[in-house]
Amino acid sequence: MGFSLARKTGQNRHAYTGYLRSGAWAWRRQRWFRDCRAHGTEPACQVCRITLAEATSLDLHHTSYDGVHINPDGTFTASEPDEDLLPYCREHHEALHRILDERRADYWGWDRRRATVVITGYLARKHRKTRTL
């Protein structure tokens, strides 16, 4: 699908939101959490480490949309590798996107995965610091 760092506008926004509202994404999201638990890992926010069991819901952030395809009939195929999806609590997922959106120029030329890793590290350090004060 080729989504870049920032949230989409115009026609790209329509495809992006269409995918996130699709049955294909709902199924893929559910399968990701199931597979994570099947491998013996409780999904947890990448920043604060709150688990799915504690939070009751976690967002999944895409580090790449390469596995997402729009079919000729307008439906979607969701074949993202598990490694392209990272769990975040809603607060930290929104913080991640705020930084991606507001500081796009800081990450110019970086792929989404690299920017996500760097920003997640920043948010985790900030979270640890506020918890120790």
Side-chain angles (χ1 to χ4, degrees):
M1 196 179 283
F3 294 132
S4 62
L5 291 176
R7 294 188 180 183
K8 306 300 150 227
T9 59
Q11 188 175 9
N12 285 337
R13 178 73 179 167
H14 178 70
Y16 172 76
T17 57
Y19 176 62
L20 295 180
R21 292 180 181 151
S22 73
W25 170 240
W27 177 84
R28 179 63 184 104
R29 185 180 185 283
Q30 184 178 33
R31 192 180 83 202
W32 187 92
F33 285 111
R34 184 196 66 210
D35 291 351
C36 189
R37 284 180 163 160
H39 286 78
T41 304
E42 179 64 23
C45 175
Q46 298 294 296
V47 175
C48 66
R49 307 307 299 162
I50 190 168
T51 66
L52 180 58
E54 295 167 328
T56 67
S57 179
L58 292 173
D59 294 348
L60 281 182
H61 175 74
H62 283 84
T63 61
S64 171
Y65 283 93
D66 291 344
V68 178
H69 305 284
I70 302 175
N71 302 315
D73 65 358
T75 61
F76 296 90
T77 299
S79 55
E80 305 96 322
D82 284 349
E83 304 79 42
D84 285 353
L85 301 169
L86 295 172
Y88 290 87
C89 67
R90 175 58 50 97
E91 176 187 349
H92 291 122
H93 191 207
E94 288 178 354
L96 170 67
H97 275 282
R98 232 182 348 270
I99 294 169
L100 283 172
D101 294 350
E102 293 171 0
R103 298 183 54 196
R104 230 179 323 189
D106 292 346
Y107 306 105
W108 192 257
W110 292 19
D111 66 13
R112 189 177 171 92
R113 180 180 315 280
R114 181 178 177 197
T116 296
V117 168
V118 169
I119 294 167
T120 298
Y122 164 77
L123 290 171
R125 285 187 303 276
K126 183 177 171 183
H127 176 75
R128 281 192 307 269
K129 189 175 185 178
T130 59
R131 290 190 50 119
T132 60
L133 294 178

Correct closest heavy-atom pair for Glu42 and Ala53 would be OE2-N, 3.0 Å
Rounded to the nearest 0.5 angstrom, the CD-SG distance for Glu54 and Cys89 is 11.0 Å
Exercise. Should Leu20 and Val68 be regarded as members of a common hydrophobic cluster, given that ILVMFWY residues are connected when their side-chain heavy atoms come within less than 4.5 Å of each other, either directly or indirectly?
Worked result: yes
- Would you please classify the geometry between the His61 ring and the His93 ring as parallel, tilted or perpendicular, with 30° and 60° separating the classes? perpendicular
Do NZ/NE/NH1/NH2 and the carboxylate oxygens of Arg112 and Asp66 come within less than 4.0 Å? no
Just wondering, do Ser64 and Glu80 contact through their side chains at under 4.5 Å, heavy atoms?
-> no
Check: Under a 4.5 Å cut-off applied to non-hydrogen side-chain atoms, are Asp84 and Tyr65 in contact?
Finding: no
Closest non-hydrogen atoms of Trp27 and Ala78, given as atom of the first, atom of the second and distance, are CZ3-O, 4.4 Å
Value for CG (Leu52) from SG (Cys45), rounded to nearest 0.5 Å, stands at 11.5 Å
Distance-only, no hydrogens or angles: does the Asp73 side chain make a donor-acceptor pair with backbone N or O of Thr75 under 3.5 Å? yes
One should read off an interatomic distance between Leu100 CG and Ile119 CD1, to the nearest 0.5 angstrom, of 4.0 Å
What one should report as the nearest heavy-atom pair of Ala44 and Arg49 is CB-O, 3.6 Å
With a 4.5 Å cut-off on side-chain heavy atoms, are Leu123 and Leu96 touching? yes
Take atom CZ in Arg103; do more than 12 heavy atoms of anything else shown fall under 6.0 Å from it?
no
Rounded to the nearest 0.5 Å, the OG1 atom of Thr116 sits from the NE2 atom of His62 at a distance of 11.5 Å
CD1 (Ile50) and NE2 (His127) are apart, to the nearest 0.5 Å, by 9.0 Å
Open item on the list: Could you tell me if the side chain of Ile99 sits less than 4.5 Å from the side chain of Tyr107, heavy atoms only?
Closed with: yes
- Item | Distance-only polar pair, side chains of Thr77 and Asn71, donor-acceptor under 3.5 Å | yes
Rounded to the nearest 0.5 angstrom, the CZ-CZ distance for Phe33 and Arg29 is 4.5 Å
Verify the cluster assignment for Tyr122 and Val47: are they in a single hydrophobic cluster under the rule of side-chain heavy atoms below 4.5 Å apart? yes
Heavy atoms, side chains only, cut-off 4.5 Å: are Trp25 and Leu60 in contact?
-> yes
Looking only at heavy atoms, the pair that brings Leu58 and Pro87 closest together is CD1-CB, 4.1 Å
Closest heavy-atom pair, Asp82 versus Arg28, reported as atoms and distance to 0.1 Å, is OD1-NH2, 2.5 Å
Worksheet item: With a 4.5 Å limit on heavy-atom distance, are the side chains of Ser57 and Arg90 in contact?
Response: no
For Pro43 and Arg37, the nearest pair of non-hydrogen atoms, with its separation, is CD-CG, 3.8 Å
query = So with a 6.0 Å cut-off around CZ of Arg34, is the heavy-atom count from everything else above 12?
reply = yes
